[in-house]
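All figures in this text were calculated on a predicted structure; none of them were measured in a lab.
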2 protein chains.
Amino acid sequence: MPAIERFAKYLSENRLKMTRERRAILADVLSVRGHFDVDDLLARLRRSGHHVSRATLYRTLPRLVESGLIHKVEMVDGQARYELMIGRHHHDHMVCLRCGTILEFESPEVERIQEDVCRRKKFVMTGHTHQIRGYCVSCAGDDRARALDSRGSNVAGRSRAGAGGARAGGRTGP
Amino acid sequence: MPAIERFAKYLSENRLKMTRERRAILADVLSVRGHFDVDDLLARLRRSGHHVSRATLYRTLPRLVESGLIHKVEMVDGQARYELMIGRHHHDHMVCLRCGTILEFESPEVERIQEDVCRRKKFVMTGHTHQIRGYCVSCAGDDRARALDSRGSNVAGRSRAGAGGARAGGRTGP
DNA sequence: GGATAATTGAGACTGAGTTGCAACTAGGAA
DNA sequence: TTCCTAGTTGCAACTCAGTCTCAATTATCC
């Protein structure tokens with residue numbers, strides 16, 4: 001089933017409406033390969049002439065997650081990212097602490113071990129997060145890429161230029 | 001080596017000072033079993049008559065982590081927790097989405113798989129996070145404990161009473 | 001007993017995400 | 001097609017964990 005149709009189905013099943021904004025967001029999400037965050041998405045929407053507020057975006061993303069079209073990757077540094085899930089199955093991530101690159105890996109063996117552990121502890125698993133932190137090939141050689149872990153990672157994304165300027169909400173300060 | 005001595009060694013090696021506040025924090029940390037967060041720690045310190053500011057606590061915790069005495073557990077819901085590491089080795093966590101209970105598990109097999117994956121992708125691992133979300137035995141039977149995952153977990157800790165009142169910093173709003 | 005570099009507390013600030021509210025709109029009923 | 005209404009939107013204020021600045025204080029070296 002095409003993504004738009006699948007989303008429409010999800011919406012109507014939940015008595016939700018297919019709005020112009022939701023259509024624009026879905027279209028944009030479908031056009032991206034790899035991982036993206038809210039600011040990426042918002043910037044792209046603006047560039048393509050759609051006005052969608054930050055609040056609406058934050059309200060729509062969980063709908064897309066629930067409909068199974070995208071997946072939320074809760075980055076350990078606190079910044080959430082998303083990725084298209086259509087035609088893919090579960091995988092986990094390796095995050096470069098220097099350049100922010102995200103690599104993917106999957107391991108049925110780890111999944112099996114998890115299930116074992118849960119069975120032993122009578123824990124009902126509903127999800128999991130497995131992230132490996134470190135340095136990708138291109139960053140590993142760099143001298144400065146040392147001793148950054150466990151003392152506050154400076155993963156790329158924090159330094160994205162212009163992200164703040166695009167914020168919708170105002171600040172209270174002087 | 002006793003913890004206090006180990007911390008003193010770490011401090012002097014890094015040209016840092018052993019202050020009254022750091023001593024109080026360490027003493028408190030050593031007295032806890034299980035996981036704790038900044039608010040827990042701050043509340044206990046206040047109760048035991050020590051005035052240590054939130055800022056100082058946030059500045060000291062990374063020192064304790066670097067000295068190897070405690071370990072930071074970056075919870076996927078964004079709230080960091082800590083745990084004493086003395087005499088323990090690496091393990092990962094299962095978090096109950098309903099009551100916030102944290103169970104521990106260790107799996108050398110998973111560690112081995114991780115290393116394999118990294119070797120294959122030429123990724124230099126410096127750390128990892130592996131968390132299983134779900135419901136513990138006592139919560140798993142509860143009807144309301146359904147469909148909470150992946151749409152914003154309401155893990156306990158958000159609802160901790162009095163946490164806000166203990167904050168040091170002021171709010172800007174009316 | 002200084003000198004001085006590290007440390008502290010208070011509170012302003014940051015940044016991701018949430019919420020209340022009035023105006024707007026999708027889409028089923030008439 | 002028009003009407004009705006529950007769902008949606010944008011805005012701005014707010015929340016919350018964590019960081020930063022700065023003047024005053026203090027542990028440690030000499």
Counting just side-chain N and O atoms, does [X] come under 4.0 Å of either OP1 or OP2 of [N]?
{"X": "R15(B)", "N": "dA5(C)", "value": "no"}
{"X": "Y58(A)", "N": "dT18(C)", "value": "no"}
{"X": "H50(B)", "N": "dT8(C)", "value": "no"}

Does the side chain of [X] pick up a donor-acceptor pair with the side chain of [Y] at under 3.5 Å?
{"X": "D40(A)", "Y": "H35(A)", "answer": "no"}
{"X": "T129(A)", "Y": "R133(B)", "answer": "yes"}
{"X": "E21(B)", "Y": "H50(B)", "answer": "no"}

Could you work out which one of dG10(D), dG18(D), dT8(C) sits closest to the side chain of V38(B)? dG18(D)
Should we count CZ of R88(A) as having more than 12 external heavy atoms under 6.0 Å? yes
Between atom [atom1] in [X] and atom [atom2] in [N], what is the gap in whole Å?
{"X": "L42(A)", "N": "dA16(C)", "atom1": "CG", "atom2": "P", "result": "12 Å"}
{"X": "L41(B)", "N": "dA17(D)", "atom1": "CG", "atom2": "P", "result": "15 Å"}
{"X": "Q79(B)", "N": "dA16(C)", "atom1": "CD", "atom2": "P", "result": "19 Å"}
{"X": "D40(A)", "N": "dA16(C)", "atom1": "CG", "atom2": "P", "result": "11 Å"}
{"X": "L45(B)", "N": "dT8(C)", "atom1": "CG", "atom2": "C1'", "result": "14 Å"}
{"X": "M75(B)", "N": "dA16(C)", "atom1": "CE", "atom2": "P", "result": "22 Å"}
{"X": "E74(B)", "N": "dG18(D)", "atom1": "CD", "atom2": "C1'", "result": "12 Å"}
{"X": "L57(B)", "N": "dT19(D)", "atom1": "CG", "atom2": "C1'", "result": "14 Å"}

The contact string for nucleotides 23-30 of chain D, one letter per nucleotide 5' to 3', using protein heavy atoms under 4.0 Å with B, S and - for base, sugar-phosphate only and none, comes out as ---BBS--
H93(B) and F105(B): aromatic ring centres closer than 6.0 Å? no
Ring centroids only, cut at 6.0 angstrom: are H128(B) and H90(B) within range, meaning strictly under it? yes
Electrostatic pair E13(A)-K9(A), nearest N-O below 4.0 angstrom: yes
Can you find a donor-acceptor pair, distance only, under 3.5 Å between R59(A) side chain and dG10(D) base? yes
